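These notes concern the structure reproduced below.
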Amino acid sequence: MTPFRGTPASHKHRHRRGRPRGYPRPDRTGLRRWLPSWRHMVRIVLLGTACLVGLVAFLYWQTKIPTDLKAFATQQNNIFYWADGTEMARTGEINREDIPLNQIPQGVQWATLAAENESFYTDAGVSPQGMVRAVYNMAAGQETQGGSTITQQYVKNAYLNQQQTVSRKLTEIFMAVKLDQKLSKQQILEGYLNTSWYGRGAYGIERAAQAYYGVDASQLNPSQGAFLASLLKGAGLYDPAGGPENHQRAVDRWNWILDRMVDIGRLTPAERATYTTFPEPLPPPKQPGLAGQTGYLVDMARQYVTSHTGITDAQFDLGGYQIYTTFEKPKEQALAASVRDAAGRLKADDQLRVGAASVATDGRVLAVYGGPDYLKQGYDNANAAIVPAGTAFTPFVYAAALSQGVQKQVDGGRTPVTPESAYNGNDQAQLMTPVGPYWDRNGKIVKGVNDGGKSWGTISLQQAVAQSVNSPMEQLGLDVGLDRVRQTAVGLGLLPESMGAQVPAFSLGNSTPSAIRMADAYATFDAGGMHTEPYSVVRITRNGAGVTVTKPAASRALSATVAQQVDAALTEAVQHGSAQAARVPGRPAAGKTGTTQDNTAGWFVGYSGQVSTAVTVFRLDAKSVQTLPLDGQGDPAKSAAATAYPLDIWSSYLKGLPTG
C-alpha cells in the first residue's frame with residue numbers, strides 16, 4: 001500500500017508559526033482577511049523604529065560644527081553695474097561689530113529672550129513645544145515667540161541659510177543640540193546677538209543700536225531693547241521707516257514684548273509703567289556713494305532683486321552680490337541734464353517735483369529721474385503712485401474702444417469703432433449712458449469740459465486723441481464701459497492698485513500710475529501691442545556663481561492693428577496736434593500730453609526709437625504727501641508747468657541722446 005504523504009500535524013504547526021500566512025488570509029472574513037496579524041504589526045513597528053533611530057543617530061554623528069565660531073559669513077559689498085558692465089555703485093559696507101555679552105544690559109538681553117525664547121536657559125537647544133506653539137499661535141492670529149530656540153536661530157544665522165527645507169531644519173536641530181552641549185548658554189546668547197540681522201544693513205546688536213538710536217548697545221534701555229527685539233521677527237515689516245503700517249506693527253510688538261517681560265518676571269510692573277511712549281528710532285541713514293540719481297537706481301534694482309529672486313533682505317545685506325542692471329549711463333545722464341536745464345527756464349518753488357523714466361519696448365528700465373538728489377530726497381518721484389495721469393490716460397480709453405467696441409443701448413450689442421468714428425467734441429456736451437444722461441451725486445447732469453472751453457464740433461476719435469479733446473474721450477469711456485477701460489489699462493501695465501474711481505473722470509486720468517508704469521504702457525503701442533513688465537536687473541552673481549532671477553516675458557496686450565491705430569493718433573499729436581512742442585528734427589516721435597482738471601499735474605509720455613519716456617511734473621506737500629495745484633508755477637502763464645515743462649524736458653532729453 002502506498003503510504004499516506006500528508007503533512008504531519010507537527011509540521012503544520014511549525015508552518016503556521018514560522019512563516020506568514022498568504023493573503024488574503026483564508027481563516028478570516030471581511031476587512032480582517034487583508035490585514036496582517038498583530039504579530040506582524042509589532043514586527044513592522046519595531047523594525048521601523050529601529051531604522052528611524054539608526055537614521056537619526058547616523059545624521060547626528062554626521063553633523064559637524066565648524067571649528068571657528070567667529071567665521072559667520074563676513075559682510076561684503078554688493079556691486080551694481082550699468083548695462084554696459086561698468087561699475088555704478090557699491091553698497092553694504094561691513095556693518096557688524098562683535099561685543100561681549102556683559103556689555104549688553106540685562107534688560108535688553110531679556111527683551112530678546114522674552115520675544116524669542118523665554119526658556120532659553122533651561123532648554124536643551126531645541127524646543128518641539130515651541131515649534132508647535134508658534135504654529136498654533138500663528139493659526140490663531142496671535143503674537144508669537146519664535147518657533148525655534150535662540151540656539152537654533154544662532155545656528156541658522158551663522159552656519160546655514162534661511163531656506164525652509166526639511167533637510168536644513170534637521171541639520172539645524174542636530175547642530176543646535178551639539179552646540180548646546182559644547183558652549184555655555186552665555187556664549188550662545190552672545191553669538192546670537194552678534195550675528196542677528198536687524199535691518200538697515202546692521203548685523204549684531206551693537207550696529208543695530210547705532211543704526212536705530214545712535215548709541216552703543218551698552219546704553220540701550222529695556223524699552224529700546226524691546227523695539228530692537230521686535231525687528232528679529234522681520235526688519236522689513238517692523239522698521240517704522242517703512243511706513244504707517246510698519247510703525248503700527250512695531251508699536252504693537254514693542255508693547256507685547258514689554259508685557260511678556262513682566263509675565264516672566266524680568267520687568268516689574270512699576271518699571272513697565274515707565275515705558276508707555278514708543279521709543280522712536282532715528283531716520284535711516286543714507287550711504288554717501290548713492291548721491292544724485294544713483295540712489296534711486298540702486299533702490300529700484302534692490303527692490304527688483306528681493307521680489308524676483310530667492311534672496312532675502314538679510315542675505316542681501318550680508319553682501320557679496322554683483323547686480324547687473326538695465327540702466328544705461330548715457331541716457332541717465334541725458335535725462336538728469338534735461339531736467340536741470342528745463343528748471344532754469346521756468347520759475348518754481350521748492351514744492352515742485354519732477355519724475356521721469358525711460359523704458360525700452362522689451363521692458364528694460366533704461367533711465368530714471370527720481371528727484372534732485374537721493375541723499376536729500378529719498379522719495380522717488382519716478383516711482384510715485386500718487387500723481388493723477390490726467391489726459392495722458394486717454395490713449396488707453398481709445399485702445400479699449402478700438403479693441404472691444406462700444407455699447408450705446410441697453411438691449412443693443414456692441415458696435416465696432418474706428419479711428420474715423422465721429423463724436424461730439426463740444427465743450428459742455430452732456431455725457432450719456434445706455435439708460436440716459438449721467439447724473440452726479442448732486443443731481444446734476446455731468447458734462448464734458450474741454451481745455452479753454454473750446455468746442456470742436458463733430459470730431460473723429462483719432463483727432464480727439466491727437467488734439468487732446470476731453471468731452472469725446474469721456475463719452476467714449478462710458479460707451480466702452482469703464483470696467484473694460486480699466487481692464488485694458490491694467491493689461492498695458494498699469495497696476496490695479498493705482499486705478500481711480502470708475503466715474504466719467506476715470507477716462508481723463510483720475511488714476512495715479514507712476515512715470516515708470518506710464519512709460520512702459522506707452523511702449524506697448526510702439527511694440528505692436530506686445531507688452532513686457534518693466535524690469536531693472538538682467539543678471540546676478542555671487543562668488544562667481546549665477547543667481548536665478550526671473551525676467552518678465554512679453555505677452556500680447558493689444559492686436560497689432562489696434563496698436564498701430566493708437567500709434568497713428570499719438571504720431572499725429574506730435575506732428576500736428578497738442579504735442580507739437582515735442583517735435584525734434586530727425587527724430588520721429590509719438591506721444592501725448594496730460595493735464596488734470598484740478599491742475600495738480602502735468603505729463604508728457606512719448607516714444608522714439610523703441611524707447612518710451614514719461615515725464616511728470618507736480619507739486620507735493622511733503623508732510624501730507626498730497627499733490628497741490630500747479631497754479632502760479634511757471635512763467636509767464638500760470639499753467640506753464642503742467643504743459644510746457646514736461647514737453648521741454650522730453651524734447652531736450654531726446655535731443656541729448658546719441659543717434660543710431
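We number each residue from 1, following the sequence as shown. Note that the structure is a prediction, hence the values are computed from the model and not measured.
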Any Lys/Arg nitrogen of [X] or [Y] sitting under 4.0 Å from an Asp/Glu carboxylate oxygen of the other?
X      : Y      : result
Asp380 : Arg353 : no
Arg302 : Asp313 : yes
Glu533 : Arg517 : yes

If only side-chain N and O atoms count, and only distance matters, is there a donor-acceptor pair under 3.5 Å linking [Y] with [X]?
X      : Y      : answer
Asp84  : Thr86  : yes
Ser218 : Gln103 : no
Tyr81  : Gln322 : no
Asp520 : His531 : yes
Gln248 : Asp252 : yes

Looking at [Y], is its backbone amide N or carbonyl O close enough to the side chain of [X] to form a donor-acceptor pair, meaning the two atoms are under 3.5 Å apart?
X      : Y      : result
Arg364 : Thr325 : no
Gln377 : Tyr379 : yes
Asn246 : Asp239 : yes
His247 : Gly243 : no
Gln219 : Asp216 : yes
Arg539 : Tyr324 : no
Thr326 : Val365 : yes
Glu206 : Ala217 : yes
Ser511 : Gly500 : yes
Thr512 : Ala385 : yes

What's the shortest heavy-atom distance between [X] and [Y], and which atoms?
X      : Y      : answer
Thr600 : Pro388 : OG1-CG, 4.0 Å
Asp362 : Thr532 : O-CG2, 3.2 Å
Met518 : Pro513 : SD-CG, 3.5 Å

### Message
Are more than 12 heavy atoms, taken from residues, nucleotides or ligands other than Glu497, located less than 6.0 Å from that residue's CD atom?
### Response
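Above 12, so yes.
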### Query
What do the steps show when you test Asn194 against Ile99 for side chain to side chain contact (heavy atoms under 4.5 Å, CB included), and what is the final call?
CA-CA 7 Å; Asn194 281 315; Ile99 58 172; 3.8 Å; yes
### Query
In terms of ring plane angle, is the pair Tyr203 and Trp197 parallel, tilted or perpendicular, where the classes change at 30° and 60°?
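Tyr203 vs Trp197 ring planes: tilted.
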### Query
Hey, what's the ring geometry for Tyr321 with Phe316, parallel, tilted or perpendicular (30° and 60° as the breaks)?
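Judged by the thresholds at 30° and 60°, the geometry between Tyr321 and Phe316 is parallel.
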### Query
Just wondering, do Thr541 and Val547 contact through their side chains at under 4.5 Å, heavy atoms?
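No, too far: nothing below the 4.5 Å cut-off.
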### Task
Report the residue from Asp123, Thr112, Thr151 that forms a side-chain hydrogen bond (donor to acceptor under 3.5 Å, both in side chains) with Asn117.
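The single option meeting the side-chain hydrogen bond (donor to acceptor under 3.5 Å, both in side chains) with Asn117 is Asp123.
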### Query
Between Lys233 and Tyr238, is NZ or CZ placed under 6.0 angstrom from the six-membered ring centre and within 45° of the ring axis?
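Not flagged: Lys233 not positioned over aromatic ring of Tyr238.
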### Task
Check the pair Tyr192, Gln153 against side chain to side chain donor-acceptor pair (under 3.5 Å), reporting the backbone distance first and the verdict last.
CA-CA 7 Å; Tyr192 172 74; Gln153 292 183 57; 3.1 Å; yes
### Message
If you take the centroid of each ring, where Trp contributes its six-membered ring, are Tyr198 and Tyr212 closer together than 6.0 Å?
### Response
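Distance test on ring centres: not under 6.0 Å, no.
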Which atom pairs, donor and acceptor, lie under 3.5 Å between side-chain atoms of residues 264-278 and protein residues at least two apart or in another chain?
| residue | atom | partner | partner atom | Å |
| --- | --- | --- | --- | --- |
| Thr268 | OG1 | Glu271 | N | 3.0 |
| Thr268 | OG1 | Glu271 | OE1 | 3.3 |
| Glu271 | OE1 | Thr268 | N | 3.0 |
| Arg272 | NE | Asp259 | OD1 | 3.0 |
| Arg272 | NH1 | Tyr275 | O | 2.6 |
| Arg272 | NH2 | Asn255 | OD1 | 2.9 |
| Arg272 | NH2 | Asp259 | OD1 | 3.3 |
| Thr274 | OG1 | Glu271 | O | 2.5 |

